[in-house]
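Order of the sequence lines sets the chain letters (A, B, ...), proteins ahead of strands, with each chain counted from 1. When reading the values below, keep in mind they use all heavy atoms of this one structure, side chains included, and skip hydrogens, waters and symmetry mates.
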Amino acid sequence: MRWSGYPINTVKETPAEAEVISHQLMLRAGLVRRLAAGIYTWTPFGLRTLRKVEQIIREEMDRAGALEVLMPAVQPAELWQESGRWEHYGPELLRLKDRHQRDFVIGPTHEEVITDLARRELKSYRQLPANFYQIQVKFRDEIRPRFGVMRGREFIMKDGYSFHISQESLQEGYDLMRDVYIRMFTRMGLEFRSVKADTGSIGGTASEEFQVLADSGEDVIAVSDGVDQYAANLELAPALPPKNPRAAATKPLQKVSTPDRKTIEDVASFLKISAYQTLKLLMVEGGEGGVVALALRGDHDLNAIKAQKLPGVASPLRMASREAVLAATGCEPGFLGPVGLKCPLYADHAAVALADFTCGANEADQHLTGVNWVRDLPEPVPADLRNVIEGDPSPNGTGHLRIRRGIEIGHIFQLGQKYSDAMRATVLDEAGKPVAMYMGCYGIGVTRIVAAAIEQNHDTAGIIWPEPIAPFTVVLISLNATKSEKVRKLSEQLYATLQQVGIDVLLDDRDARPGVKFADSELMGIPHRLVVSDRGIDSGQLEYRHRRATVNAQWPVDEVVNRLLAVHQRGERSSR
RNA sequence: CGGGAUGUAGCUCAGCCUGGUAGAGCACUACGUUCGGGACGUAGGAGUCGGAGGUUCAAAUCCUCUCAUCCCGACCA
């Protein structure tokens, strides 16, 4: 491709709408253009990277024996009514009517459609296992699209679905997909982790997310620094009970006046104690009416996912209303405590381990200090209620947890028979009896990967593409080509040769000043740069520079092609 | 959904408080100079000031409504 024929401008100024670096750079480099909130056009440069990501996915899926299909973006409501998700999916599902007033949706995912295909085509256990995938546009009407293509409403996803005769076979297919994902993301040059995840509303048993580690990520994950390599979504990471036994009581129980000190922070600073010496009490709705109290150490945060799994607690978790709290305790939120409490109580392990702690007195403007379990109130029911924090021991026993942020680029699930039951997708087994197929589901955020790769690979000058997904491998910058016949000739010759040997080369043949070309090539993040100039030709050496390098190398003119082939092969290999 | 903010040239923004002929930089066009790290000069094109209504002799500016976009929040007692 010739840069002179590429009519999309780069921009020096950062567009006001872009907050994260990947979004800023994608707009500045002209990779995408916004059409509406969360909806983007991909320009030729951006599309080249997108296609390379897709191609890696395709190659690895095909190699694993998966079959590519292409399903419709527009789907009839009947299928969604059949699976029950017409009611349950909520406002993220974009619904529309056709001219005959029939209901349709724009697919946010394709479990229904693929299950419909499977029940029509798959009749016998002999046809299993089967694995279908597609790379296709999805639409989810996000509450708040942001960060450019990272959380867009319309986006490209690779979604795959496998069908099995048994749970054992599903497990095998799932394990295979996990390996495939690791290989794909490694090939793309991404630093990522496989992370245990909550199965959430999709249901099913096993589930893992693939997270690209990046500070701008929207997900919080707990990663062990030990040899166990433990990694889990924050929602799921268990907090182990403290090993040391509870200390003995040393202080008397006392009531102190704490006017208007309603938060842990206020109380701690007012009484000149640390937040971890306090206990806070949260009131949530009970599963069958009433309220349930949850006690946490003052410096810890409630984990809603863990709490809503407790017997007697409403799921999904809802905080109790002010009225309900008042009715249960006779006290306003802000001064609640476990002493003399009449409703059911769960206490986090760390709260159970406290001695001589401070908590609300269930009386306006009053707190208790020197509180001790057993002596002042009954031993509580212990539970894991909190989010893990930096430095907690790893649940697998070695090392400690670090809290990192991640961008979810892939998610694999075992769906089991949820959809095949609802939609009667059965095959006959060896005994001739119908069995609902076991399903696996495997997603990858293709467009999001492009943004995630930039979040991980950039500097002040711009993008630094991992070689396998760079829009071009080499940029050939010709200086003063309009005047210099020899520069023009050599540039054209190298351009043709590089294309012949199969290297993606971009020829910067624009009639622009050198500074503009250098700056653009760096903004665009092309891994290898070669400069063709009169100066170079006269000395017999051309300048070469890798995007990550800070100085130029001099390459003899007639070795340029071979050397580029060599560094290119090295670049492709190093990221596998 | 709750809160906050912003809509003025393709982009980044000033002008609004205090109403009186719509601006700058970048980008774009032409010409000239320049030519190895985002050049300079001259000339030029380009905006129904998000939209509608109102107040006024007069509205980008004041008021009302509306649309769009962005940010924060939607456990923390």
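In this structure, the side chains of A:Leu35 and A:Glu154 stay at 4.5 Å or more apart for every pair of heavy atoms. Taking the side chain as every heavy atom from C-beta outward, A:Ser521 and A:Asp508 never approach each other to under 4.5 Å. Within the 4.5 Å cutoff, no side-chain heavy atoms of A:Phe147 are placed close to those of A:Arg448. Residues A:Val532 and A:Leu542 form a side-chain contact, since some pair of their non-hydrogen atoms from C-beta on lies under 4.5 Å apart.
Residue A:Val11 is out of contact with every strand shown, counting any heavy-atom pair closer than 4.0 Å. Nucleic acid contact class of A:Lys262 (heavy atoms, under 4.0 Å, all strands): sugar-phosphate only. The residue A:Ala16 sits close only to the backbone: its heavy atoms come under 4.0 Å of sugar-phosphate atoms, none of a base. Using a 4.0 Å heavy-atom criterion, one finds that A:Arg151 contacts no nucleic acid atom at all. Residue-level contact check: A:Arg146 touches the backbone only, with heavy atoms under 4.0 Å from sugar-phosphate atoms and none from bases. Among the atoms of the strands shown, none is found under 4.0 Å from any heavy atom of A:Glu265. Nucleic acid contact class of A:Pro333 (heavy atoms, under 4.0 Å, all strands): base. Here A:Val325 lies in heavy-atom contact (under 4.0 Å) with a base. Backbone-only engagement by A:Ile264 is indicated by non-hydrogen atom pairs under 4.0 Å involving sugar-phosphate atoms exclusively. Here A:Ile143 lies in heavy-atom contact (under 4.0 Å) with a base. Using a 4.0 Å heavy-atom criterion, one finds that A:Arg28 contacts the bases of the nucleic acid, with or without backbone contacts as well. In this structure, A:Asp520 reaches the bases: a heavy-atom distance under 4.0 Å links it to at least one base atom across the strands shown. Residue A:Lys483 is in base contact, counting any heavy-atom pair closer than 4.0 Å across all strands shown.
Of the residues listed (A:Arg297, A:His300, A:Lys280), the one engaging A:Ile264 in a side-chain contact (heavy atoms from CB on, under 4.5 Å) is A:Lys280, and it is the only one.
Separating the CG atom of A:Asn9 from the C1' atom of B:A9 is a distance of 15 Å, rounded to the nearest angstrom. The interatomic distance linking A:Glu13 (CD) with B:G10 (C1') rounds to 12 Å, in whole Å. Rounded to whole Å, atom P of B:G37 lies 11 Å from atom CZ of A:Arg529. To the nearest angstrom, C1' of B:C1 lies 14 Å from CD of A:Glu92. One atom, CZ of A:Arg34, and another, P of B:C11, lie 10 Å apart when rounded to the nearest Å. B:U69 atom P lies 15 Å from atom CD of A:Glu142, rounded to whole Å. In this entry the distance linking CG of A:Leu317 with C1' of B:C76 reads 12 Å, nearest Å. The distance between atom CZ of A:Phe518 and atom C1' of B:G37, rounded to the nearest whole Å, is 7 Å.
Where A:Asp301 and A:Arg535 meet RNA chain B, the nucleotide closest to each residue was compared, and A:Arg535 sits on the side nearer the 5' end. Along RNA chain B, the nucleotide closest to A:Ala37 and the one closest to A:Val516 are compared, and the more 5′ of them pairs with A:Val516.
Across all strands shown, B:C70 forms a Watson-Crick or G-U wobble pair with B:G4, both key distances being under 3.5 Å. Pairing for B:G44 goes to B:C28, judged as Watson-Crick or G-U wobble with the two contacts each under 3.5 Å. Base pairing annotation: B:U34 forms no Watson-Crick or G-U wobble pair, as no partner gives both donor-acceptor distances under 3.5 Å. Pairing of B:C57, defined by two Watson-Crick or G-U wobble distances under 3.5 Å, is identified with B:G20. Partner assigned to B:A52 is B:U64, using Watson-Crick or G-U wobble distances below 3.5 angstrom.
Put simply, CZ on A:Arg488 and NZ on A:Lys483 are 12.0 Å apart, with the number rounded to the nearest 0.5 Å.
Side-chain atoms of A:Lys280 come within donor-acceptor range of the base of B:C76, with a qualifying N/O pair under 3.5 Å. Under 3.5 Å, the side chain of A:Asn480 and the base of B:C35 form no donor-acceptor pair of N or O atoms.
Taking atom C1' in both B:G25 and B:U8, the straight-line distance is 15 Å, to the nearest Å. Rounded to whole Å, the C1' atom of B:C35 lies 44 Å from the corresponding atom of B:C71. For the C1' atoms, the distance from B:U64 to B:C28 is 39 Å, rounded to whole Å. When the C1' atom is used for both B:U21 and B:A58, the distance is 12 Å, rounded to whole Å. Taking atom P on both nucleotides, B:C11 is separated from B:U48 by 13 Å, rounded to a whole Å. Remark: the separation of the P atoms in B:A46 and B:C1 is 41 Å, to the nearest Å. Across the C1' atoms, B:C75 and B:A14 are found 43 Å apart, a figure rounded to whole Å. Nucleotides B:A27 and B:U12 place their C1' atoms 11 Å apart, quoted to the nearest Å.
Listed by first and then second residue, the salt bridge (Lys or Arg N to Asp or Glu O under 4.0 Å) pairs involving residues 350-371 of chain A are A:Lys255-A:Glu363 (not counting sequence neighbours).
Checking B:G38, B:C70, B:C71 against the side-chain heavy atoms of A:Glu17 singles out B:C70 as nearest. The nucleotide whose nearest atom lies closest to any side-chain atom of A:Thr263 is, among B:G38, B:G25, B:A77, B:A77. Of the listed nucleotides (B:G36, B:G37, B:C75), B:C75 has the atom at the smallest distance from the side chain of A:Leu282.
Ring orientation note: the planes of A:Phe335 and A:His367 are nearly perpendicular, at an angle over 60° on the 30°/60° scale.
Close to B:C35, at under 4.0 Å from its OP1 or OP2, lies no side-chain N or O of A:Arg513.
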For this session: Please lay out, stage by stage, how A:Trp465 and A:Phe472 fare under the test ring-ring contact (aromatic ring centres under 6.0 Å, His included).
Result: CA-CA 9 Å; A:Trp465 288 114; A:Phe472 294 93; over 10 Å; no
